[in-house]
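This report concerns only the one structure given below.
Basis for what follows: all heavy atoms, side chains included, without hydrogens, waters or symmetry-related copies. None of these values were measured; they are calculated from a predicted model.
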Amino acid sequence: MTAAAPDIKALGPAIRFADAILRPIGRMDVDALAIAPLPGSDIRALSSHPAFAAPINRAVRERLRLTGNPVSRATVDRLMTQPKSRLALLFATERAIEVDRASMILAATVLHKRIAGMLLKSDRIAAQKALGSDAFAVAVHEAPFMHASLAELDRLPAESDILTTPPDAGQGRIDAVNRFGLHVALNYVEAVEPEILPFVLARLHADAAPAGRRDAVAALQPGHVDHIVKLMRRRLPSWSAIIG
């Protein structure tokens, strides 16, 4: 009997992850690419030359310990079939600018109760600047009614002023909020597909220790996972087709 041909559409996510491992440079934060004595910017520039692309990608794979079989067959099967696993894959492989956008939406949703409790107009304006108009709109108009339970993930101290006046104003506030949203994303990957978490940490040049993340963001329960899948489907149309 002839074996059935593989479903190319189903194979897509697995191929996407394999490509991310074989050619990690295009998906890594530039700070994660440094190979002494060369900074990450030089490594990225060298990799753009056809003669150096393969050996430079191999060197980065080895330094980040991405060689061998980094994930099990069971994980690959889930990446091909499970929407929640495909979302974890997107955090591992999507462009940094898109991951940043997702992180802001996650931060806005988890922190929506803090925004609802702001009494001063100046605080709400600061929060809107930190999150961006789109994510702020999610916090005000969508999160309280469709994803209220995600506020349970907020473990910051009650007096935290992450949305208004962190140590550095302006860009520092934006970076702090984005980092919080990234912590939500990392906890999501850890809950759904922990085998690919090391790759996500490496590509985003994030701290591998969970303590800092868990001080800010609680571990996700299945209900939280389901809400995040629905949120990302709704707010990121370009991801929706891949999530399925």
Side-chain angles (χ1 to χ4, degrees), residues 12-33 40-41 44 60 64 66 70-71 79 82-111 130-139 143 147 150 153 162 171-208 210 212-213 216-217 220 224-225 227-244:
I15 293 171
R16 184 186 184 100
F17 187 54
D19 182 70
I21 292 173
L22 289 172
R23 295 184 290 184
I25 289 176
R27 291 179 169 86
M28 294 286 173
D29 183 287
V30 69
D31 292 332
L33 297 176
S41 56
R44 178 161 286 169
V60 171
L64 297 175
L66 298 175
V71 297
L79 293 177
Q82 299 296 318
K84 63 183 180 181
S85 299
R86 290 180 174 184
L87 175 55
L89 177 69
L90 285 165
F91 288 124
T93 60
E94 192 53 271
R95 294 181 304 159
I97 190 171
E98 294 297 329
V99 174
D100 284 347
R101 183 182 175 201
S103 295
M104 283 301 198
I105 293 170
L106 289 171
T109 306
V110 173
L111 298 173
L131 290 165
S133 297
D134 289 345
F136 184 79
V138 171
H147 306 293
L150 291 181
L153 301 178
I162 186 174
Q171 187 61 41
R173 181 185 303 129
I174 294 171
D175 290 345
V177 174
N178 185 61
R179 186 161 53 253
F180 178 87
L182 180 58
H183 286 164
V184 179
L186 292 172
N187 281 11
Y188 175 91
V189 175
E190 186 173 42
V192 173
E193 291 297 351
E195 284 189 3
I196 70 173
L197 180 63
F199 181 82
V200 183
L201 291 168
R203 73 167 296 232
L204 298 175
H205 202 55
D207 185 0
R213 281 188 280 121
V217 179
L220 274 66
H224 301 133
V225 168
H227 272 286
I228 288 177
V229 172
K230 292 175 184 177
L231 175 66
M232 294 292 98
R233 272 194 187 123
R234 179 180 173 84
R235 301 306 308 187
L236 297 174
S238 64
W239 288 23
S240 181
I242 297 172
I243 295 169

Any donor-acceptor pair under 3.5 Å linking the side chain of N187 with the backbone of V217?
-> yes
Check whether any side-chain heavy atom of Y188 sits under 4.5 Å from a side-chain heavy atom of H224, and report yes or no.
-> no
From F180 CZ over to L111 CG, what is the distance, rounded to the nearest 0.5 angstrom?
-> 4.0 Å
Contact check, side chains of V192 and S85, non-hydrogen atoms, under 4.5 Å = yes
Output for pair (S240 OG, R234 CZ), nearest 0.5 Å, gives 11.5 Å
If you measure from CD on E98 to OG1 on T93, what distance do you get to the nearest 0.5 Å?
-> 11.5 Å
Distance-only criterion, 3.5 Å: show the donor-acceptor pairs between side-chain atoms of residues 103-110 and protein atoms not counting sequence neighbours.
residue: S103; atom: OG; partner: V99; partner atom: O; Å: 2.9
residue: T109; atom: OG1; partner: I105; partner atom: O; Å: 2.8

Which residues pass the ring-ring contact (aromatic ring centres under 6.0 Å, His included) test with H227, sequence neighbours left out?
-> H147
Evaluate the side-chain proximity of I243 to L90: yes if any heavy-atom separation is below 4.5 Å, no if none is.
-> yes
Are E193 and K84 ion-paired here, with the side-chain N under 4.0 Å from a carboxylate O?
-> no
With side chains defined as the heavy atoms from C-beta onward, is the minimum distance between I228 and L220 less than 4.5 Å?
-> yes
Do side-chain atoms of R101 reach the backbone of A135 as a donor and acceptor pair under 3.5 angstrom?
-> no
Residues at least two apart in sequence or cross-chain that pass ring-ring contact (aromatic ring centres under 6.0 Å, His included) with F199, listed by chain then number, are F17
Set of side chain to side chain contact (heavy atoms under 4.5 Å, CB included) partners for A102, sequence neighbours left out | F91, M232, L236, W239
Between CD on residue Q82 and CG on residue L87, distance to nearest 0.5 Å = 12.5 Å
Report the residues that fulfil salt bridge (charged side-chain N to carboxylate O under 4.0 Å, His left out) with R44, sequence neighbours left out, ordered by chain and then residue number.
-> none
Taking only residues two or more places apart in sequence or in another chain, which ones pass side chain to side chain donor-acceptor pair (under 3.5 Å) with R235?
-> E142
